[in-house]
Number of protein chains: 2
Amino acid sequence: MTKPKPVERALAPGVSETAASQVFDELKRDLIRGRFAAGEKLAISALKAQYAVGLSPLREALNRLAAYGLLEQHNQRGFRVPPLSAEELEDIARLRVQLECMALTQAFQEGDAEWESQLLAAQHRLLRADKSPEQLEKWEQAHLQFHRTLLAPCGSHWLLRFIEQLHDQFDRYRRLAPGNPAIRARLDAQHGELVQLALERRIQDARWLLEEHIRLSWDVARGAC
Amino acid sequence: MTKPKPVERALAPGVSETAASQVFDELKRDLIRGRFAAGEKLAISALKAQYAVGLSPLREALNRLAAYGLLEQHNQRGFRVPPLSAEELEDIARLRVQLECMALTQAFQEGDAEWESQLLAAQHRLLRADKSPEQLEKWEQAHLQFHRTLLAPCGSHWLLRFIEQLHDQFDRYRRLAPGNPAIRARLDAQHGELVQLALERRIQDARWLLEEHIRLSWDVARGAC
DNA sequence: GAAGCCCATAAAATCGATTTTAATAATAAC
DNA sequence: GTTATTATTAAAATCGATTTTATGGGCTTC
C-alpha cells in the first residue's frame with residue numbers, strides 16, 4: 001500500500017486555526033500598530049497578496065474588524081481605516097477611566113492570593129520585557145497582559161470586554177504618537193505602584209493612580225492627532 | 001447657484017444595501033427575538049435557504065454577529081447561539097445600570113430644546129405603538145428608539161455603542177421571558193416619568209428612576225433562565 | 001465654461017464548486 | 001464488553017470565476 005496517511009493530524013489536537021482567524025489576528029495587530037494610515041481605504045486585492053490568503057477568509061476577517069470598531073465598512077465601497085481625532089481620543093480616554101476604575105474596585109474585592117501571584121508575575125514580565133523596536137511587540141503584549149491581569153477578577157465579562165475594546169482603540173493613538181521618555185518612565189513606575197496598592201487593597205489610592213496612569217498615557221497619545 | 005440639485009445617485013439614492021447587510025439585520029433581529037434556541041448550533045446551509053441568500057454574504061453576516069456578541073464562533077465547527085444564564089443576565093443588567101446612569105447624567109447636561117422635543121415625540125410614538133403580537137416589532141423599535149433618544153446627547157460615541165450592545169443582549173432575555181402585565185404597566189408609566197424628570201433636569205431623581213426601570217425589566221427578564 | 005451623460009475601467013460583492021476538517025458509524029482488537 | 005481504529009458522511013472553510021456597482025475620463029449640450 002502507499003502512504004495515504006501523510007496527512008499528520010495537526011500536532012495540535014484541540015484548536016486548529018482557520019485562515020480567517022489568522023488574518024483577523026494579523027490585521028488587528030497591524031491596524032493597532034498603525035501600519036495603515038488613518039482614513040486610508042483598504043485595497044482588498046492588495047491585502048489578499050500581502051497576507052497570502054484567499055478572498056473569502058480575508059473578507060470575513062474584515063467584517064469582524066468592522067464590527068469590532070477597528071474598521072469602517074461602507075456598503076458597496078469597501079473598508080476604510082477610521083480617522084483619528086482628538087475628540088474621539090478624549091471620549092475613549094474618559095471612558096477608560098470610568099470603566100477601568102469601576103473594574104478595579106470590583107477586582108480588589110474579588111481578587112484572591114492566586115490573583116496577587118499572577119499580578120506580580122505579570123508585572124515582572126513587563127519589567128523585564130525589552131522595549132527595543134525589534135522586541136516592541138513582545139513588550140506591548142506584556143503590557144496588555146498586565147492591565148488584563150489587574151482587572152481580571154472583577155467578575156464582569158462584559159465590562160472586561162468593553163475595556164479591552166477601548167484599550168485597543170486607545171493604543172492606535174498611543175502607538176502612532178511620538179514617545180516621551182520622561183512620561184514613559186513615570187508610566188512604567190506606576191505599574192509597580194499599582195501592584196503594591198493592589199496587594200494592600202488600597203482601593204481609593206489605586207483608583208486615583210489608575211486615573212492618573214490613563215491621563216498620562218492620554219497626554220502621550222494626543223501627539224497622534 | 002442656489003441650485004439645491006442633489007446629485008441623483010443611480011436609482012437608489014443614498015445607501016444601497018448589500019446582501020450581507022440585509023441578512024445581518026434580519027439575523028440580528030431574529031436572534032434577539034429568540035427565533036433560535038439558546039445554545040443551538042446554526043446550520044449554515046439551512047440559513048442559506050431560509051434567508052434566501054448565498055453562502056458568502058451569509059458567512060460575512062455571521063462573522064459580524066459573532067464579533068458583536070450575538071453569536072459564538074468556534075473555529076472549524078461553525079456558529080452557535082450563546083447560552084442564557086442568570087449570571088450573565090446579572091452582569092448585563094448591572095452594567096446597564098452603571099453605563100446608562102452615566103450617560104443620563106451627561107445627556108441632562110448636554111441636552112437642549114431640540115432634544116426635549118425629540119424625547120417628547122419618541123415617548124408619544126412609544127405610547128401609541130400597538131403592543132399586539134402582530135405589531136410587536138413596531139413597539140420594540142419604538143421602545144429602543146425612546147431609550148436611544150433619552151441618552152443620545154451624552155456626547156460619548158463609545159458609551160452609546162456599548163449601551164446599545166448591552167441593550168440588545170438584555171433583550172434576548174426579556175423577549176424570551178413570559179410577560180408580566182403588572183410590571184409592564186409600571187415600566188410603561190416610567191417612560192413618561194423619565195421624560196418629565198428630563199424636562200426638569202432632575203438628574204438624581206432620574207438616575208434612581210432609570211435604575212429602578214432597569215431592575216424591574218431585569219425582574220421580568222429573569223423568567224428566561 | 002459648467003453641468004449632465006455615457007462609456008470604460010476598477011473594485012466590491014456574490015455565486016458555484018472544491019477542499020479541508022469534524023462528527024459519526026462501522027469495524028477490529030483486546 | 002469495552003476501547004481503539006478506520007471508513008463514511010456531513011459540515012465548515014476556502015478558492016476561482018462571475019456578476020454587480022462605483023468611479024473617473026471624455027464627450028455632448030446648454
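Each chain gets a letter, A, B and so on, in the order the sequences are listed, and its residues count up from 1. Excluded from the calculations below are hydrogen atoms, water molecules and symmetry mates; all remaining heavy atoms, backbone and side chain alike, are included.
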Side chain to side chain, [X] and [Y], heavy atoms closer than 4.5 Å:
{"X": "A:Leu120", "Y": "A:Trp115", "result": "no"}
{"X": "B:Val23", "Y": "B:Leu62", "result": "no"}
{"X": "A:Arg172", "Y": "A:Val81", "result": "yes"}
{"X": "B:Gln106", "Y": "B:Met102", "result": "no"}

If I take atom [atom1] in residue [X] and atom [atom2] in nucleotide [N], what distance separates them, rounded to the nearest angstrom?
{"X": "A:Asn75", "N": "D:dT20", "atom1": "CG", "atom2": "P", "value": "17 Å"}
{"X": "B:His74", "N": "D:dA13", "atom1": "NE2", "atom2": "C1'", "value": "16 Å"}
{"X": "B:Glu17", "N": "D:dT21", "atom1": "CD", "atom2": "P", "value": "13 Å"}
{"X": "B:Arg80", "N": "D:dA12", "atom1": "CZ", "atom2": "C1'", "value": "14 Å"}
{"X": "A:Gln76", "N": "C:dA11", "atom1": "CD", "atom2": "C1'", "value": "11 Å"}

Listed in order of residue number, which residues of [range] have a non-hydrogen atom at under 4.0 Å from DNA chain C?
{"range": "residues 39-50 of chain A", "answer": "A:Lys41, A:Leu42, A:Ile44"}
{"range": "residues 19-26 of chain A", "answer": "none"}
{"range": "residues 54-62 of chain A", "answer": "A:Leu55, A:Arg59"}

query: Listed in order of residue number, which residues of residues 64-71 of chain A have a non-hydrogen atom at under 4.0 Å from DNA chain D?
result: none

- prompt: Where the side chain of B:Arg77 is concerned, which of C:dA22, D:dT14, C:dT14 is the nearest nucleotide?
  reply: C:dA22

message: Applying the side chain to side chain contact (heavy atoms under 4.5 Å, CB included) criterion to A:Ile163, which one of A:Glu100, A:His147, A:Arg96 satisfies it?
response: A:Glu100

message: Can you confirm whether the side chains of B:Glu114 and B:Gln118 place a donor and an acceptor under 3.5 Å from each other?
response: yes

query: Are side-chain N/O atoms of B:Asp30 and B:Tyr51 paired as donor and acceptor at under 3.5 Å?
result: yes

If the threshold is 4.0 Å, N to carboxylate O, is there a salt bridge linking [X] and [Y]?
{"X": "A:Asp25", "Y": "A:Lys28", "value": "no"}
{"X": "A:Arg33", "Y": "A:Glu140", "value": "no"}
{"X": "B:Glu164", "Y": "B:Arg148", "value": "yes"}
{"X": "A:Arg222", "Y": "A:Glu90", "value": "no"}

- request: Provide the full list of side-chain hydrogen bond (donor to acceptor under 3.5 Å, both in side chains) pairs with a residue in residues 150-163 of chain A, sequence neighbours left out, each pair given once.
  value: A:Ser156-B:Asp91, A:Trp158-B:Glu88

- request: Not counting sequence neighbours, which residues clear salt bridge (Lys or Arg N to Asp or Glu O under 4.0 Å) with A:Asp171? List them please.
  value: A:Arg174

